[in-house]
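Everything below concerns the one structure shown next.
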Amino acid sequence: MPELPEVESLRRILAHSIVGRTIVGASVADPRLRRAVAADLATSIAGGAITGVQRRAKYLLIELHDERLLMVHLGMSGSLTHRHAALDAAGFDPRHDHVSFRLDDGSALVFNDPRRFGLMKLIARAELAAIAELAAIGPEPFAREFDAAYLWKVTRGRATAIKNLLMDQRTVAGVGNIYASEILFRARVRPTRRAGKVTRAELARIATITRQVLREAIGGGGTTFRSYRDSRGQPGRYAKRLQVYDREGQPCGACGAAIRAVVVGQRSSFFCPKCQK
DNA sequence: AAACATTCCTGCACGC
DNA sequence: TGCGTGCAGGAATGTT
């Protein structure tokens, strides 16, 4: 489910709700995620005081007082909800609540992931840069270095579709299937265009618009297409503002032509055949 | 019942 | 030949 805006929305909420709390205990009901949750996670994390919540690409990094970080990826269907015990025997999902952290105020932080494509592990801050999942990830879209010149450099000579490259985390961090279609629509570039053939002016638009779309989506609390919920169980409000994603056959808001769907790199993609070249 | 918000791995083709 | 890189396709899995 989550791309950068969803993870960032989650981060902002958690930064208010769990920083200052201490993890007093944890339990792993099912360790079988994308990679198995370490057997000692529950015992190792107990006593950890939460000092901050950061994000890198689509990874959430929960900082502990002892220079360790709990690294969480939500995969396709994961969620991290902050539950207040009194409210909530009802919200318990025995099938997919895989990992729970008990906090010192009686609340719980629960990782739920039906498809189990997610990831959860405890790492030392010092090894952050060397973590395999993060090492090859490209610049954050809001970083200075992500600009037209950078995109020019990484797209030249590349035969793959521009949408594939935009979704490749090595190119830029955090863009996934929904926002890639939205960005290319606003930049007026077809998702199928060979990356090496995209012009300098178009790349400049893509860089600017990537930031714009992601910023707006964060402002809307992210997009709920099917199942995304934030840590309070709320859906994102940005879905109603999507202009092409999942809108095959509907009129383009700019020109009225019917939105088309194509498969690019095995992912469904949407575009306006008239506005996007 | 086909499709799905992600990532990782494999195998093949190509160039030096 | 051998090696590195780019690219396509498949797999992991449960839900709607």
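All heavy atoms count here, side chains included; hydrogens, waters and symmetry mates do not. Quick note on labels: first sequence line is chain A, next is B, and so on, each numbered from 1.
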Taking atom C1' of B:dC4 as reference, at what distance in whole Å does atom CD1 of A:Ile178 sit?
10 Å
Looking at residues 152-163 of chain A, who's got a heavy atom less than 4.0 Å off DNA chain C?
A:Arg158, A:Ala159, A:Thr160
Per side-chain contact (heavy atoms from CB on, under 4.5 Å), A:Val53 is matched among A:Val19, A:Leu10, A:Leu69 by A:Val19
Going by heavy atoms closer than 4.0 Å, what residues in residues 113-123 of chain A are next to DNA chain B?
A:Arg115, A:Phe117
Taking A:Glu6 first and then A:Lys58, would you say they form a salt bridge - that is, a charged N and a carboxylate O separated by under 4.0 Å?
no
What's the separation between atom CD1 in A:Ile206 and atom CD1 in A:Ile162, rounded to the nearest 0.5 Å?
4.5 Å
Search all heavy atoms of A:Val175 against all heavy atoms of A:Gln169 and return the closest pair with its distance.
O-NE2, 3.1 Å
Testing the 3.5 Å rule here: is there a donor-acceptor pair between the side chains of A:Thr81 and A:Arg83?
yes
Under 3.5 Å, is there a donor-acceptor pair linking the side chains of A:Tyr179 and A:Thr223?
yes
Think A:Arg34 has a side-chain N or O under 4.0 angstrom from the OP1 or OP2 of B:dT6?
no
The reported gap from NZ in A:Lys163 to CG in A:Leu165 (rounded to nearest 0.5 angstrom) is 12.0 Å
Counting only heavy atoms not in A:Arg21, do more than 12 fall under 6.0 Å of its CZ?
yes
Output the rounded distance in Å from CD (A:Gln266) to C1' (B:dA3).
13 Å
What closest approach, in Å, do A:Arg188 and A:Cys275 show between heavy atoms, and which atom pair accounts for it?
CB-O, 3.4 Å
What integer distance in Å separates A:Arg35:CZ from B:dT6:P?
18 Å
Using the side-chain heavy atoms of A:Asn177, tell me which of these nucleotides is nearest: B:dC8, B:dC4, B:dT6.
B:dT6
Provide the start and end nucleotides, 5' to 3', of the part of DNA chain C that has atoms under 4.0 Å from heavy atoms of chain A.
C:dG6 to C:dT15
Other residues, nucleotides and ligands only: do more than 12 of their heavy atoms fall within 6.0 Å of CZ on A:Arg156?
yes
Just do the side chain to side chain donor-acceptor pair (under 3.5 Å) check on A:Arg68 and A:Ser44 with the steps written out, would you?
CA-CA 11 Å; A:Arg68 291 188 301 170; A:Ser44 177; 2.7 Å; yes
Rounded off to whole Å, could you give me the CZ-to-P distance for the A:Phe270 and B:dA3 pair?
11 Å
Would you check if there is a donor-acceptor pair between the side chains of A:Ser9 and A:Asp230 at a distance under 3.5 Å?
no
Below the 4.0 Å mark, does B:dT6 have OP1 or OP2 next to a side-chain nitrogen or oxygen of A:His73?
no
Scan nucleotides 10-13 of chain B against the protein and return all N/O pairs shorter than 3.5 Å with their distances rounded to 0.1 Å.
none

Do the side chain of A:Arg247 and the main chain of A:Ala258 share a donor and acceptor less than 3.5 angstrom apart?
no
Heavy-atom count around A:Arg194 CZ within 6.0 Å, excluding the residue itself: above 12?
no
For DNA chain C, consecutive-pair runs of 3 or more (Watson-Crick or G-U wobble, both H-bond-type distances under 3.5 Å) give B:2-4 with C:14-16, B:6-16 with C:2-12
Between CG of A:Leu4 and P of B:dT7 the distance, given in whole Å, is 11 Å
Any donor-acceptor pair under 3.5 Å linking the side-chain atoms of A:Arg186 with those of A:Gln212?
yes
I need the CZ-P distance between A:Arg226 and B:dA2, as an integer number of Å.
14 Å
Whole-Å distance between B:dT7 C1' and A:Met71 CE?
12 Å
Show me the donor-acceptor pairs within less than 3.5 Å that the side chains of residues 31-40 of chain A make with the rest of the protein, sequence neighbours left out.
| residue | atom | partner | partner atom | Å |
| --- | --- | --- | --- | --- |
| A:Arg32 | NE | A:Asp30 | OD1 | 3.0 |
| A:Arg32 | NH2 | A:Asp30 | OD2 | 3.0 |
| A:Arg34 | NH1 | A:Phe117 | O | 3.4 |
| A:Arg34 | NH2 | A:Tyr59 | OH | 3.4 |

